[in-house]
Amino acid sequence: MKYFGLIWKNTWRKKVRTSLTILSVLVAFLLFALLNALGYAFRAGEDVSSAERLVVIHKISLINPLPISYEARIASTPGVAAVTHASWFGGYYQEPRNQFAQFAVDMTAYFALYPELIIPPEQLEAAAKNRIGTVVGHELAEKFGWKIGDRIPIQATIWTKADGGRTWELDLEGIMRSNDPRGSTAFMLFNHDYFEEARAFGKGTAGWYVLQIAPGADPVEVANAIDAQFANSPNETKTSTEAAFAASFAKQFGNIALIVQLILGAVFFTLLLVAGNTMSQSVRERIPELAVLKTVGFRDITVLGIVLSESILIISLGGILGLGIGWFLVQGVSQQMGASLPGIYLSPQAMLMATGIMIGAGILAGLFPALKAMRLSIVDALARG
Amino acid sequence: MAETLATLQGVSRVYQKGKERVDVLHELDLEINTGDFLALMGPSGSGKTTLLNLLGGLDKPTAGTVNVGGAILSSMSNSQLSNWRATHVGFIFQFYNLLPVLTARKNVELPLLLTNMSAKERSRRAEIALDIVGLADRASHRPRELSGGQEQRVAIARAIVSDPQLLLCDEPTGDLDRATADEILKLLQTLNAEHGKTIIMVTHDAQAADYARRTLHMDKGKLEARTTA
């Protein structure tokens with residue numbers, strides 16, 4: 001700590017150069033924050049998924065529906081404690097930019113299978129009883145200013161009604177929350193019965209099934225048993241854990257994690273070159289001063305530490321600023337686009353990782369200049385000065 | 001009888017420049033007493049600065065023994081030499097070698113960073129050192145805001161702040177005009193006479209050497225028999 005004044009003064013020896021380096025680091029960590037938050041949004045489903053739930057989809061693709069008759073057969077499979085179904089609706093509210101997820105479900109069964117979704121029992125009962133009843137997450141209610149009793153028209157992009165209409169009117173009967181701080185409820189649930197009756201096509205099907213495995217049952221055996229039941233049928237199934245299902249769902253948008261890693265890899269490689277160049281110049285231009293430090297008694301390892309600390313300080317300054325700005329931007333995006341991009345969040349783990357990267361990049365960028373400073377021969381350096 | 005502070009016995013220093021062997025010091029013997037003010041004179045390349053570097057633990061001899069205040073510098077590790085320099089010796093260079101980013105006070109405080117002193121105590125000691133060299137009112141100035149003579153005074157304050165017995169000066173007036181050089185030399189005389197510092201000063205300037213108690217002449221890596229008292 002007693003060397004901090006010296007380190008700080010040396011860091012700002014060339015103000016313009018240091019500022020530009022910090023700016024480049026800032027941009028790198030800003031990108032890190034934004035891309036991480038985006039990646040988190042795509043992984044959110046995996047993170048909050050339950051190990052006791054399995055998802056059954058069509059073997060060909062999630063887009064292909066499964067017969068509704070499968071529900072009873074799945075329910076009778078050994079190891080299955082409960083089962084329900086859901087179907088993707090894909091509509092929007094008022095304008096296409098107001099997109100969020102809507103699912104047609106059996107209200108009572110669905111909430112029974114997702115205990116992390118919290119809703120007052122009387123609201124759930126009302127939603128189940130009302131054929132056009134709907135339940136939305138509190139994020140959506142807050143965003144669109146909906147309150148219980150409102151009639152909400154949803155414009156269909158896929159599911160036209162049997163009467164040719166594209167507007168599905170739903171009565172808001174309940175507002176739900178998640179008891180998992182990482183979980184988003186920025187989606188809408190409405191009754192499958194209404195969906196089934198009113199849609200123009202696809203009757204007698206459901207998008208996928210969700211099942212709860214019985215205590216002690218082996219998830220792999222249960223999944224294999226379900227898929228075996230429907231093998232060689234026109235609608236073969238693929239049963240997987242909820243986490244795997246969420247991951248495969250996210251992969252429909254591309255391998256976000258890989259894209260994020262590639263971009264960040266390129267950004268941080270460039271950052272290392274920029275910061276490394278700054279530190280090399282900084283050490284090169286003050287070789288006589290470093291020799292003086294050694295002359296008055298600074299040990300080689302202390303000089304190494306001082307130069308490395310300067311490098312870490314520069315990267316940390318830029319990194320903290322970049323993360324800070326990133327955090328505010330993510331908060332803003334979350335508030336503005338939370339419904340269409342639920343789960344966008346700069347996690348503590350990402351912050352921790354960023355801190356590690358700051359220290360690691362600081363050490364890497366400063367290592368060679370610091371070693372040069374450490375190995376400096378006092379006699380040669382003073383002769384140069 | 002004066003106590004011996006430094007003893008050099010059979011000291012040689014050889015540098016290897018590519019395939020060429022350069023004998024800078026050749027089997028040199030020397031004794032320096034505590035409280036001495038010694039001027040080292042001689043032509044360029046005679047080995048004066050190399051001798052100074054050996055006495056200050058900045059370099060090690062190829063052969064022979066360097067003993068300063070009972071410490072055998074020639075057999076110490078680099079780390080041990082660093083610790084020794086921090087408390088036993090002060091250096092004054094021709095071009096002052098102050099850190100431009102620090103104020104005069106902070107430059108003077110530098111050697112004290114290696115101690116366990118509090119920031120307040122470091123600052124107090126730096127003020128005293130600056131007062132001794134007559135620059136108490138320039139403590140907050142940076143080197144670029146000082147004249148050459150003032151910069152050298154700050155460098156002297158830095159050299160004495162940890163109260164070392166030995167001051168090693170390499171052409172301390174080489175970059176100064178005559179009048180300023182005389183002021184600096186008088187200051188060194190005061191440090192020698194009143195503060196008991198042992199001073200070894202390398203110089204090309206005969207007038208500067210006149211301020212010393214005695215002068216040794218060097219040539220081709222050897223001390224000449226000629227000694228001026």
Side-chain angles (χ1 to χ4, degrees), chain A residues 1-19 21 278-279 281-307 309-311 313-314 370-385, chain B residues 13 15 24 49-50 52-54 56-60 77-103 105-119 121-123 142-143 155 158-162 164 168 170-171:
Chain A
M1 208 52 203
K2 61 186 173 183
Y3 300 122
F4 184 76
L6 179 63
I7 292 164
W8 181 260
K9 293 283 182 187
N10 276 329
T11 300
W12 294 101
R13 163 183 302 265
K14 302 272 184 187
K15 291 187 178 64
V16 174
R17 184 177 66 197
T18 302
S19 300
T21 307
T278 297
M279 288 312 300
Q281 281 185 32
S282 173
V283 165
R284 206 163 40 237
E285 69 199 11
R286 61 186 160 116
I287 279 176
E289 290 175 36
L290 292 166
V292 168
L293 288 183
K294 288 186 167 193
T295 301
V296 301
F298 281 66
R299 295 165 67 175
D300 291 347
I301 196 76
T302 310
V303 172
L304 175 99
I306 287 172
V307 176
S309 299
E310 287 172 31
S311 177
L313 179 63
I314 287 176
L371 285 173
K372 186 179 178 181
M374 185 184 83
R375 292 170 182 156
L376 204 65
S377 151
I378 302 175
V379 173
D380 292 344
L382 288 175
R384 267 207 259 177
Chain B
R13 184 66 176 101
Y15 290 108
V24 182
T49 298
T50 302
L52 207 66
N53 290 340
L54 293 175
L58 297 179
D59 198 4
K60 288 184 188 176
S77 67
N78 285 342
S79 179
Q80 287 171 322
L81 283 173
S82 295
N83 292 340
W84 179 82
R85 285 197 302 270
T87 49
H88 290 84
V89 63
F91 293 88
I92 299 159
F93 304 101
Q94 179 178 357
F95 297 111
Y96 334 126
N97 285 348
L98 300 177
L99 270 61
V101 293
L102 300 181
T103 62
R105 185 191 295 107
K106 291 293 178 188
N107 264 290
V108 176
E109 273 186 44
L110 268 182
L112 302 181
L113 285 177
L114 302 164
T115 68
N116 291 325
M117 277 178 210
S118 66
E121 179 62 12
R122 289 199 303 266
S123 184
R142 290 183 189 232
R158 182 178 66 192
I160 62 172
V161 73
S162 51
L168 299 175
D170 194 357
E171 302 274 8

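Lettering follows sequence order; numbering is per chain, from 1.
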J.: Indicate yes or no for a side-chain donor-acceptor contact from B:R85 to the backbone of A:K294 under 3.5 Å, with no hydrogens or angles considered.
T.: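 A pair under 3.5 Å: yes.
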J.: Go through it in stages, so that I can follow the logic: the residues are A:F298 and B:L114, the test is side chain to side chain contact (heavy atoms under 4.5 Å, CB included), and I'd like the CA-CA distance, side-chain angles, deciding distance and then a yes or no.
T.: CA-CA 7 Å; A:F298 281 66; B:L114 302 164; 3.8 Å; yes
J.: Please round to the nearest 0.5 Å and tell me the distance separating atom CG of A:D380 and atom CG of B:L58.
T.: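 Those atoms lie 11.5 Å apart.
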J.: Does the side chain of A:W12 come within less than 4.5 Å of B:V101's, by heavy atoms?
T.: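 No, every pair of side-chain atoms sits at 4.5 Å or beyond.
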J.: What part of B:S77 gets within 4.5 angstrom of chain A, counting heavy atoms only: side chain, backbone, both, or neither?
T.: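 Contact with chain A involves no heavy atom of B:S77 at all.
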J.: Tell me, out of A:V292, A:T295, A:D300, who's got the most heavy-atom pairs with chain B below 4.5 Å.
T.: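 Most heavy-atom pairs within the cutoff with chain B belong to A:T295.
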J.: Roughly how far apart are B:L110 CG and A:Y3 OH, rounded to 0.5 Å?
T.: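 So the CG of B:L110 and the OH of A:Y3 are separated by 10.0 Å.
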J.: So do the side chains of B:N53 and A:L382 get within less than 4.5 Å of each other, counting heavy atoms only?
T.: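 Side-chain contact under 4.5 Å: no.
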J.: Less than 4.5 Å apart, any side-chain heavy atom of A:L6 and any of B:K106?
T.: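 They are not in contact (no side-chain heavy atoms under 4.5 Å apart), so the answer is no.
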J.: Tell me, side chain or backbone of A:I301 under 4.5 Å from chain B's heavy atoms, or both, or neither?
T.: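 For A:I301, no heavy atom lies under 4.5 Å from chain B.
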J.: Quick one: pull up CG in B:N83 and CZ in A:R299 and give me the separation to the nearest 0.5 Å.
T.: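 One finds 5.0 Å between CG of B:N83 and CZ of A:R299.
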J.: State the CD1-CG distance between A:I378 and B:D59, to the nearest 0.5 angstrom.
T.: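 The distance works out to 9.5 Å.
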J.: Under 6.0 Å from the NZ atom of B:K60, do we count more than 12 heavy atoms belonging to anything else shown?
T.: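 It does: B:K60 NZ has more than 12 such atoms within range.
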J.: Find out whether B:R122 and A:K2 are in side-chain contact, i.e. whether some heavy atom of one side chain is under 4.5 Å from a heavy atom of the other.
T.: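 The answer is yes; the side chains approach within 4.5 Å.
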J.: Might you work through the side chain to side chain contact (heavy atoms under 4.5 Å, CB included) test for B:L98 and A:E289, ending with a clear yes or no?
T.: CA-CA 7 Å; B:L98 300 177; A:E289 290 175 36; over 6 Å; no
J.: Heavy-atom cut-off 4.5 Å, strictly under: side chain, backbone, both or neither for B:L102 against chain A?
T.: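 For B:L102, the side chain is the part near chain A, not the backbone.
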J.: If you count heavy-atom pairs under 4.5 Å between each of B:S82, B:P111, B:A86, B:A119 and chain A, which one has the most?
T.: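 So the answer, after comparing B:S82, B:P111, B:A86, B:A119, is B:S82.
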J.: So A:R286 and B:P100, do their side chains get closer than 4.5 Å, heavy atoms only?
T.: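 In short, these two side chains do not touch, never coming nearer than 4.5 Å.
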